[in-house]
Amino acid sequence: QVQLVESGGGLVQAGGSLRLSCAASGRTLSNYAMGWFRQAPGKEREFVAAISWSGRITSYADSVKGRFTISKDNAKNTVYLQMNSLKPEDTAVYYCAGRWEVAYYGTESVYTKPHEYVSWGQGTQVTVSS
């Protein structure tokens, strides 16, 4: 199993930016499809963004499309979530998740449901003030 550790969260004003990182250890992320999810108090965990094992395919929740960008650096074994134009409703604990894939081109996918992922990080808090 891969171990995932998120970092980069914090307090930011509305309109500001943050970049979250998800560092992996124990396995290379070259064979992993990755995702970012978030959970606000009293709410269910929701999909934010996903990327295929190769990085060629991405998917975003409608609420973050055009503001957030997911990327994957296999050399650094790290996945990123660049968050721009942050809004108070983006406040949540952000989690990265990984799913091992058979890595051959033509069949790569992205995954948007929490149950589709096996490995999870511990989360990092993002708070956006108005």
Side-chain angles (χ1 to χ4, degrees):
Q1 288 279 18
V2 68
Q3 288 79 48
L4 303 173
V5 178
E6 302 95 335
S7 62
L11 174 64
V12 64
Q13 287 189 332
S17 298
L18 283 174
R19 188 176 80 156
L20 305 184
S21 299
C22 173
S25 61
R27 291 274 187 100
T28 173
L29 286 185
S30 300
N31 283 60
Y32 277 79
M34 302 295 294
W36 284 96
F37 293 78
R38 66 187 182 187
Q39 189 165 19
K43 295 188 176 181
E44 293 189 352
R45 191 167 297 190
E46 66 172 0
F47 168 71
V48 175
I51 191 166
S52 63
W53 65 264
S54 71
R56 295 194 308 163
I57 303 173
T58 57
S59 179
Y60 297 91
D62 288 343
S63 59
V64 307
K65 205 170 291 184
R67 300 188 297 123
F68 290 11
T69 303
I70 187 171
S71 61
K72 191 167 176 272
D73 187 335
N74 288 333
K76 294 184 178 180
N77 229 27
T78 301
V79 176
Y80 303 97
L81 185 68
Q82 177 67 43
M83 305 187 295
N84 299 327
S85 302
L86 282 161
K87 304 175 181 179
E89 51 263 44
D90 294 319
T91 295
V93 177
Y94 283 71
Y95 300 89
C96 71
R99 172 193 170 107
W100 188 87
E101 297 273 82
V102 177
Y104 59 93
Y105 291 103
T107 64
E108 55 192 301
S109 298
V110 291
Y111 302 91
T112 63
K113 305 289 192 300
H115 73 265
E116 295 176 309
Y117 291 89
V118 176
S119 302
W120 289 84
Q122 83 291 345
T124 185
Q125 176 71 47
V126 172
T127 303
V128 184
S129 63
S130 56

Participant: Would you say the side chain of Trp100 lies within less than 4.5 Å of the side chain of Val118, judging by non-hydrogen atoms?
Facilitator: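 Val118 vs Trp100: side chains apart.
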
Participant: If the threshold is 4.0 Å, N to carboxylate O, is there a salt bridge linking Lys87 and Asp90?
Facilitator: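 A salt bridge is absent here (no side-chain N lies under 4.0 Å from a carboxylate O).
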
Participant: Can you pull the disulfide (SG to SG under 2.5 Å) pairs that have at least one residue in residues 31-62, sequence neighbours excluded?
Facilitator: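 For residues 31-62, and leaving out neighbouring residues, there are no disulfide (SG to SG under 2.5 Å) pairs at all.
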
Participant: Can you tell me how far the OG atom of Ser129 sits from the CD atom of Gln13, to the nearest 0.5 Å?
Facilitator: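 Taking OG in Ser129 and CD in Gln13, the distance rounds to 5.0 Å.
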
Participant: Please evaluate residues Glu6 and Tyr95 with respect to the criterion side chain to side chain contact (heavy atoms under 4.5 Å, CB included), reporting the C-alpha separation (whole Å), side-chain torsions for both, the decisive distance (0.1 Å), and the verdict.
Facilitator: CA-CA 7 Å; Glu6 302 95 335; Tyr95 300 89; 3.9 Å; yes

Participant: Can you list, pair by pair, the side-chain donor-acceptor contacts under 3.5 Å of residues 42-50, counting residues two or more places apart and other chains?
Facilitator:
unit_1: Arg45; atom_1: NE; unit_2: Gln39; atom_2: OE1; d: 3.4
unit_1: Glu46; atom_1: OE2; unit_2: Arg38; atom_2: NE; d: 2.6
unit_1: Glu46; atom_1: OE2; unit_2: Arg38; atom_2: NH2; d: 3.2

Participant: Identify whether Leu18 and Val93 are in the same connected component of the hydrophobic contact network (ILVMFWY, side-chain heavy atoms under 4.5 Å).
Facilitator: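 Different clusters.
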
Participant: What are the two closest heavy atoms between Thr78 and Ser21, and how far apart are they?
Facilitator: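 What the structure gives for the nearest pair is CG2-CB, 4.2 Å.
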
Participant: Enumerate the residue pairs fulfilling disulfide (SG to SG under 2.5 Å) with a member in residues 98-130, sequence neighbours excluded, ordered by first and then second residue.
Facilitator: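 Listed once each, the pairs would be none.
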
Participant: What is the minimum heavy-atom distance between Gly98 and Leu4, and which atoms define it?
Facilitator: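 That would be N-CD1, 3.7 Å.
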
Participant: Would you list the pairs meeting disulfide (SG to SG under 2.5 Å) in which at least one residue belongs to residues 21-85, sequence neighbours left out?
Facilitator: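 The answer is Cys22-Cys96.
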
Participant: Could you note down all residue pairs passing salt bridge (charged side-chain N to carboxylate O under 4.0 Å, His left out) where residues 13-36 supplies at least one of them, sequence neighbours left out?
Facilitator: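 Residue pairs passing salt bridge (charged side-chain N to carboxylate O under 4.0 Å, His left out), neighbours aside: none found.
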
Participant: List the steps and the verdict of side chain to side chain contact (heavy atoms under 4.5 Å, CB included) for Trp36 and Ile70.
Facilitator: CA-CA 8 Å; Trp36 284 96; Ile70 187 171; 3.5 Å; yes

Participant: What's the spacing between Thr58 OG1 and Met34 CE if we round to 0.5 Å?
Facilitator: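 Separation between the atoms: 14.5 Å.
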
Participant: Please collect all ring-ring contact (aromatic ring centres under 6.0 Å, His included) contacts where either partner lies in residues 51-79, sequence neighbours excluded, each pair once.
Facilitator: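 Only Trp53-Tyr105 qualify under ring-ring contact (aromatic ring centres under 6.0 Å, His included).
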
Participant: Show, in sequence, the C-alpha distance, side-chain angles and deciding distance for Val128 and Glu89, and conclude whether the side chain to side chain contact (heavy atoms under 4.5 Å, CB included) test is met.
Facilitator: CA-CA 8 Å; Val128 184; Glu89 51 263 44; over 6 Å; no

Participant: Identify whether Val64 and Leu81 are in the same connected component of the hydrophobic contact network (ILVMFWY, side-chain heavy atoms under 4.5 Å).
Facilitator: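 Yes, because Val64 and Leu81 connect within a single hydrophobic cluster, where side-chain heavy atoms sit under 4.5 Å apart.
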
Participant: Parallel, tilted or perpendicular for Tyr117 and Tyr111, by the 30°/60° rule?
Facilitator: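 Taking Tyr111 first and then Tyr117, their aromatic rings stand perpendicular (interplane angle over 60°).
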
Participant: Hydrophobic cluster membership, with links at side-chain heavy-atom distances under 4.5 Å among I/L/V/M/F/W/Y: are Phe37 and Met83 in one?
Facilitator: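 Result: no, two separate clusters.
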
Participant: How close do Val2 and Ala24 get, counting heavy atoms only, and between which atoms?
Facilitator: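 Nearest heavy atoms, Val2 then Ala24: CG2-CB, 3.6 Å.
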
Participant: Report yes or no: does Ser52 contribute a side-chain atom to a donor-acceptor pair with the main-chain N or O of Ile57 at less than 3.5 Å?
Facilitator: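 Indeed, once roles are kept as given, a pair shorter than 3.5 Å links the two residues.
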
Participant: If we only count heavy atoms from C-beta on, is the Val79 to Leu29 side-chain gap below 4.5 Å?
Facilitator: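 A side-chain contact under 4.5 Å exists here.
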
Participant: Specify the closest pair of heavy atoms between Val126 and Leu20, including all atoms of both residues, with the distance to one decimal.
Facilitator: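 Closest pair (atom of Val126, atom of Leu20, distance): CG2-CD2, 4.0 Å.
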
Participant: Side chain to side chain contact (heavy atoms under 4.5 Å, CB included), that's the test. Do Thr28 and Asn74 meet it? Break it down for me.
Facilitator: CA-CA 7 Å; Thr28 173; Asn74 288 333; 5.5 Å; no

Participant: Tell me the closest heavy-atom pair linking Gly9 and Thr124, and the distance in Å.
Facilitator: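 Smallest interatomic distance, heavy atoms only, reads N-OG1, 3.2 Å.
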
Participant: Considering only heavy atoms from C-beta outward, does the side chain of Gln122 approach that of Val5 to under 4.5 Å?
Facilitator: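 Yes; the side chains approach each other to less than 4.5 Å.
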
Participant: Please name the residue in the list Lys72, Arg99, Arg56 that meets the salt bridge (charged side-chain N to carboxylate O under 4.0 Å, His left out) test with Glu108.
Facilitator: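 Answer after filtering Lys72, Arg99, Arg56: Arg56.
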
Participant: Quick one, Ser119 with Gln1, criterion side chain to side chain donor-acceptor pair (under 3.5 Å). Give me CA distance, side-chain angles, the key distance, then yes/no.
Facilitator: CA-CA 7 Å; Ser119 302; Gln1 288 279 18; 2.9 Å; yes

Participant: Any idea which heavy atoms bring Asn84 and Ser17 closest together, and the distance?
Facilitator: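 Asn84 and Ser17 have their closest heavy atoms at OD1-OG, 2.9 Å.
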
